[in-house]
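Shown next, in structure tokens, is the structure this report addresses.
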Amino acid sequence: MNMGGPEEGVMSTGERLIYMANQIARNLATEEPGRAAEMVAEHIRLFWDPAMRARIVALAAEDAGALTPVAAAAVARIARA
Amino acid sequence: MSFTREKDHGTPPALATGRNVTLTIDGEQVILPEGTSILRAASLTGTAIPKLCASDNLESFGSCRLCLVEIEGRAGYPASCTTPIAEGMVVHTQSEALKQLRRGVMELYISDHPLDCLTCAANGDCELQDQAGAVGLREVRYGYDGATNMGQAKDRSNPYFDFDPSKCIVCSRCVRACDEVQGTFALTIDGRGFDSRVAASEGQDFLASECVSCGACVQACPTASLIERTVVESGTPDRAVVTTCAYCGVGCTFRAEMRGEELVRMVPWKEGKANHGHSCVKGRFAWGYAQHRDRVLNPMIRSNVTEPWREVSWEEAIAHTAAEFRRIQAKYGRTSVGGITSSRCTNEETFLVQKLVRQGFGNNNVDTCARVCHSPTGYGLKTTFGTSAGTQDFDSVEHCDVMMVIGANPTDAHPVFGSRMKRRLREGAKLIVIDPRRIDLVKSPHVEAAHHLPLRPGTNVAVLTAMAHVVATEHLYDEAFIRERCDWDEFQDWAEFVSQPGRSPEATEPLTGVPAEELRAAARLYATGGNGAIYYGLGVTEHSQGSSTVMAIANLAMATGNIGREGVGVNPLRGQNNVQGSCDMGSFPHEFSGYRHVSDDGVRGAFEAAWGVALDPEPGLRIPNMLDAATDGSFKALFVQGEDILQSDPNTQHVAAGLAAMECVVVQDLFLNETANYAHIFLPGSTFLEKDGTFTNAERRIQLVRKVMAPLNGYADWEVVQLVAKAMGLDWDYTHPSEIMDEIAALTPTFAGVHYDRLEAEGSLQWPANDAAPHGTPTMHMDGFVRGKGRFVVTDYIPTDEKTGPRFPLLLTTGRILSQYNVGAQTRRTGNSAWHAEDRLEIHPVDAENRGIADGDWVSLKSRAGETTLRALITERVAPGVVYTTFHHPDTQANVVTTDYSDWATNCPEYKVTAVQVGLTNGPSDWQRGYAEQTRQSRRIAPVEAAE
Ligand code: SF4
Ligand code: SF4
Ligand code: SF4
Ligand code: FES
């Protein structure tokens, strides 16, 4: 069926996970960076299922520049856990 | 319950002064509160004084002169409805003189009234008839042939009630009900003396008038002048069952008045603690969907969504459902399946669906439609106060001095509470409205907002932070409260943040569009105007910063000390009837009932012990995550109870792609909804009239839903889920929903005292209800926050990534209207379509003119996600640059254009901000045409083959 074709701005799952991690980090950016990273990691641990967490760890490894510094630090913490 | 009319004591209770007076009525000594009318005093002590113009939900009026009494030491015959009791007063309600006077009054009424009682629809349920009997009227001396009002044409324009002027006795009860109870002021008495008659607005018919069809006037009318069409058609009821409305989060209770197995009418229940005898058009009248011919009553299956449906037996459907889920889990893994609970279903049903997922599927992939409405409330209030719930009961509004309404439209979406608000505003409370649209509350008869802040969609956090800036920099905060109840260090961090010059009203005005002086004045009013109460809706939550906005609201309430007592608080207005309950029941993938994380070993251990299985300690997938996982191939089967995610969730095409990628979609619903286009198994649902259970309204009030008729489809929804569970090998054995509630109570500390016998005895309970609060908790955080110290959270404004630009220069925001409900599956199948036959796009005259659009033109509405068409409505309700529509009709599908941006903390979709372009068009979009065809194909049901 013709679904009217989105033209742009529709994300793939991987893009969306990156977007979500960065968005959480942006919203916690008023904290000092170490604390912010811990809070982002904690948020992801509390609300993302294990497959999504594994995926973001893999995505961060594939494309180091995709995540903002705070989000990257948070994902690194998740990877270590 | 058999049929008896609710008692009417004639006038409302006196305002509490704490003082009593002693008097004598017909020789008996009576002690009652000061300010009580004689009419009410007599009624409370068992003496019914004849009356016609008085009713105990209306202020006394004193027009009919039927309630006359004698008072020793006073001349004449005062009306008992307008005379308050006094110390030492001696009242006589019966005497020969009174009898003559009352008969005389009654004679005048009857002489101008048709004497067709035997064929009148209200025969046996008419106060005029009763009172004629009560005063012993036997003959009418005036004859019936003088000038009369008889023979005037009936007004049958309203789909639900008739107005027959010839039966009107001009008692004004309808006019007063519309003014005092509903606050719409649609009715007047035109003319004088004998010529006076009831008129709607400017002499229009009811449908064309201001009338919102709440039914208050019909309920107030003592004759058959205003009467429900169903009573005319079916006859007067012979029994009544009290139950709870299944539409919105106000949670009105009704007497379902029955004639045998047939529902004759729903009459709002005076004892109902959420509605106190009032209702709106949906709960009062729009229940016809329950018997609509579109309802699917037989289970159906198909192996492919392009095939027609095949009707099967319940046994086959249930066995097939269980087999499919087991097959898919065996093939794709334990986490490849999940379920969605419904905010329309009962607490017990919701609890069972999440139990089926956690215990039966062995994962936490359960979510609920609250994901797309109030999940940010859950996150925001839990973070700041410690629990996810509104802080007040509705009655609290009577004690507030300043009402701040943010992103909510109560007169449309929560009408009965909207009427309560209007009543309080007429009494003098001040109103602040923060909303991009000029909602009705901003200016309606006898109500006007002190401040309307028409912010640009998406700038809530900036506006609330600017208000906080004013509170902090002008020292309008309540230091004593903060020091005692909150974390002082966190407050200081917050105050320092909001005080930064860049957050001032002046600095943020260019992006929010809110004039700084107006914002300052509003902040000062909220902080210093006495009891300040905040009411908010989806205009707060459905944003990329929904959770931040909820926390910004909580910050403001804590900073000004507006929390923890009557008249103040933070109150989310819940959309659907059981949003609060479905969240309470553990419908989120990371939480058990009572908002306890699945990783908490102690909590999980209790559930494991009760259910006899090991439970997953990891959070599961939320709805958008499920759809992503489906598109990626790892999520394959979904059980959807009472929820139409295809129509109600954002970015329809993303939802459709996710559903299309699944091998088994089970839809349990009343109708073949839009999601069912992608379903393989359809399990017929039951309506709220057909089952027992409980709903929890926006004030945390748990109320009983009582079965008034047998389920047309054969089973209540909880029974169907139980059948599936059993087929999957679970040892469930509930014989009544009360047993499910007992299990909830045993496993959930805030519900520990909630049992059906307690609900029957108390009428309702507001959680927490347990040993510490056996009668429930009307106001929360009275002596400390649930989390201990209230927490101030710094909320930085981050603009949404959904930005306007040359291609998409306008901002679309969405909402709902009074007569329709959500995706409209129910209300579209009732007479309510008389008011809203289609979704329209509201556009400002300037934007319309720039595009050459005239009122009523077909326009295309296009965003990055998709395109749809609908007709334009040109109005200044929306600001230039903003357009608005509702989402009640599937052929419009506003969510084709909404994007998949969402709240940072909860993934609640950003429905309220979409960059769009609008242009003239001459018909439906390709998408709409394609979809209409797909829907037609998908709803085919194969004819049953004749038996051999
Ligand atoms: S139905 Fe409600 S709004 Fe309409 S006239 Fe009657 S009281 Fe007023
Ligand atoms: S319509 Fe009914 S309530 Fe209204 S004035 Fe006439 S009799 Fe009274
Ligand atoms: S206000 Fe809500 S609960 Fe009350 S009758 Fe209307 S829809 Fe039902
Ligand atoms: S009831 Fe008192 S005057 Fe009508």
Side-chain angles (χ1 to χ4, degrees), chain A residues 1-59 62 66-68 70-71 74-75 78-79 81, chain B residues 335 363-365 379 493 497 544-545 547-548 588-590 597 599 616 618-622 624-625 627-629 631-632 634 651-654 656-657 660 794-796 798 801-802 807 862-868 896 899-907 925-931 933-934:
Chain A
M1 169 185 102
N2 176 9
M3 297 293 290
E7 304 169 30
E8 55 184 279
V10 172
M11 294 178 259
S12 71
T13 308
E15 286 163 349
R16 200 192 322 278
L17 290 179
I18 301 265
Y19 181 85
M20 282 161 57
N22 286 337
Q23 193 191 9
I24 298 165
R26 258 195 300 167
N27 275 278
L28 298 170
T30 51
E31 303 289 333
E32 116 352 83
R35 170 93 186 107
E38 178 49 42
M39 287 170 75
V40 175
E42 178 66 8
H43 189 95
I44 290 177
R45 259 186 237 118
L46 286 175
F47 297 105
W48 290 24
D49 96 314
M52 289 165 68
R53 299 203 304 260
R55 183 87 185 268
I56 192 84
V57 169
L59 287 166
E62 278 166 32
L67 291 168
T68 63
V70 168
V75 172
I78 292 169
Chain B
T335 59
N363 64 44
N364 289 318
N365 292 337
Y379 181 88
D493 290 346
F497 174 83
S544 62
Q545 283 201 296
S547 293
S548 305
F588 288 131
H590 63 283
H597 202 273
S599 64
D616 189 342
E618 291 284 358
L621 295 167
R622 299 177 281 196
N625 312 141
L627 294 166
D628 278 343
T631 319
D632 293 350
S634 60
N651 193 351
T652 306
Q653 306 181 24
H654 176 234
V794 170
T795 54
D796 194 10
I798 295 163
D801 287 320
E802 177 66 11
R807 291 182 52 223
K862 191 170 185 180
S863 75
R864 293 179 185 89
E867 179 180 0
T868 186
V896 173
T899 67
D900 48 11
Y901 287 121
S902 63
D903 174 46
W904 67 272
T906 64
N907 281 157
S925 69
D926 289 351
W927 185 88
Q928 282 166 305
R929 272 193 290 267
Y931 187 77
E933 175 55 19
Q934 188 205 10

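Bear in mind that the values here come from a model prediction, so they are computed numbers and not experimental data. Reminder, nothing fancy here: chain letters follow the sequence lines and each chain counts from 1.
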Looking at every heavy atom in both [X] and [Y], which two are closest together, and how far apart are they?
{"X": "Pro619(B)", "Y": "Pro50(A)", "result": "O-CD, 3.6 Å"}
{"X": "Leu46(A)", "Y": "His597(B)", "result": "O-NE2, 2.9 Å"}
{"X": "Asn27(A)", "Y": "Gln545(B)", "result": "OD1-NE2, 2.8 Å"}

[atom1]/[X] to [atom2]/[Y] distance, rounded to the nearest 0.5 angstrom?
{"X": "Asp49(A)", "Y": "His590(B)", "atom1": "CG", "atom2": "NE2", "result": "13.5 Å"}
{"X": "Asp796(B)", "Y": "Arg26(A)", "atom1": "CG", "atom2": "CZ", "result": "10.5 Å"}
{"X": "Arg45(A)", "Y": "Glu618(B)", "atom1": "CZ", "atom2": "CD", "result": "10.5 Å"}
{"X": "Tyr19(A)", "Y": "Trp904(B)", "atom1": "OH", "atom2": "CH2", "result": "13.5 Å"}

- Message: What I'd like to find out is whether the side chain of Gln23(A) reaches to under 4.5 Å of the side chain of Asp801(B), using heavy atoms alone.
- Response: no
- Task: Applying side-chain contact (heavy atoms from CB on, under 4.5 Å), run through Asn625(B) and Arg16(A) and close with a yes or a no.
- Result: CA-CA 10 Å; Asn625(B) 312 141; Arg16(A) 200 192 322 278; 5.9 Å; no
Heavy-atom distance under 4.5 Å to chain A: side chain of [X], backbone, both or neither?
{"X": "Ser544(B)", "answer": "both"}
{"X": "Glu933(B)", "answer": "neither"}
{"X": "Asp493(B)", "answer": "neither"}
{"X": "Thr631(B)", "answer": "neither"}
{"X": "Ile798(B)", "answer": "side chain"}

- Take Met52(A) and Leu621(B) through the side-chain contact (heavy atoms from CB on, under 4.5 Å) test and state the conclusion after the steps. CA-CA 9 Å; Met52(A) 289 165 68; Leu621(B) 295 167; 3.7 Å; yes
- Between the side chains of Thr13(A) and Asp632(B), is a donor N or O closer than 3.5 angstrom to an acceptor N or O? yes
- Message: For Arg55(A), which atoms come within 4.5 Å of any heavy atom of chain B: side chain, backbone, both, or neither?
- Response: side chain
- Message: Please classify the contact between Leu28(A) and chain B as side chain, backbone, both or neither, with a heavy-atom cut-off of under 4.5 Å.
- Response: side chain
- Message: Taking ring-ring contact (aromatic ring centres under 6.0 Å, His included) as the definition, give me every residue that meets it alongside Phe497(B), ordered by chain and number, with sequence neighbours left out.
- Response: none
- Just jot down the ring-ring contact (aromatic ring centres under 6.0 Å, His included) partners of Trp48(A), sequence neighbours excluded, or say none. none
- Would you please test Arg622(B) and Phe47(A) for side-chain contact (heavy atoms from CB on, under 4.5 Å) and show each step? CA-CA 9 Å; Arg622(B) 299 177 281 196; Phe47(A) 297 105; 3.9 Å; yes
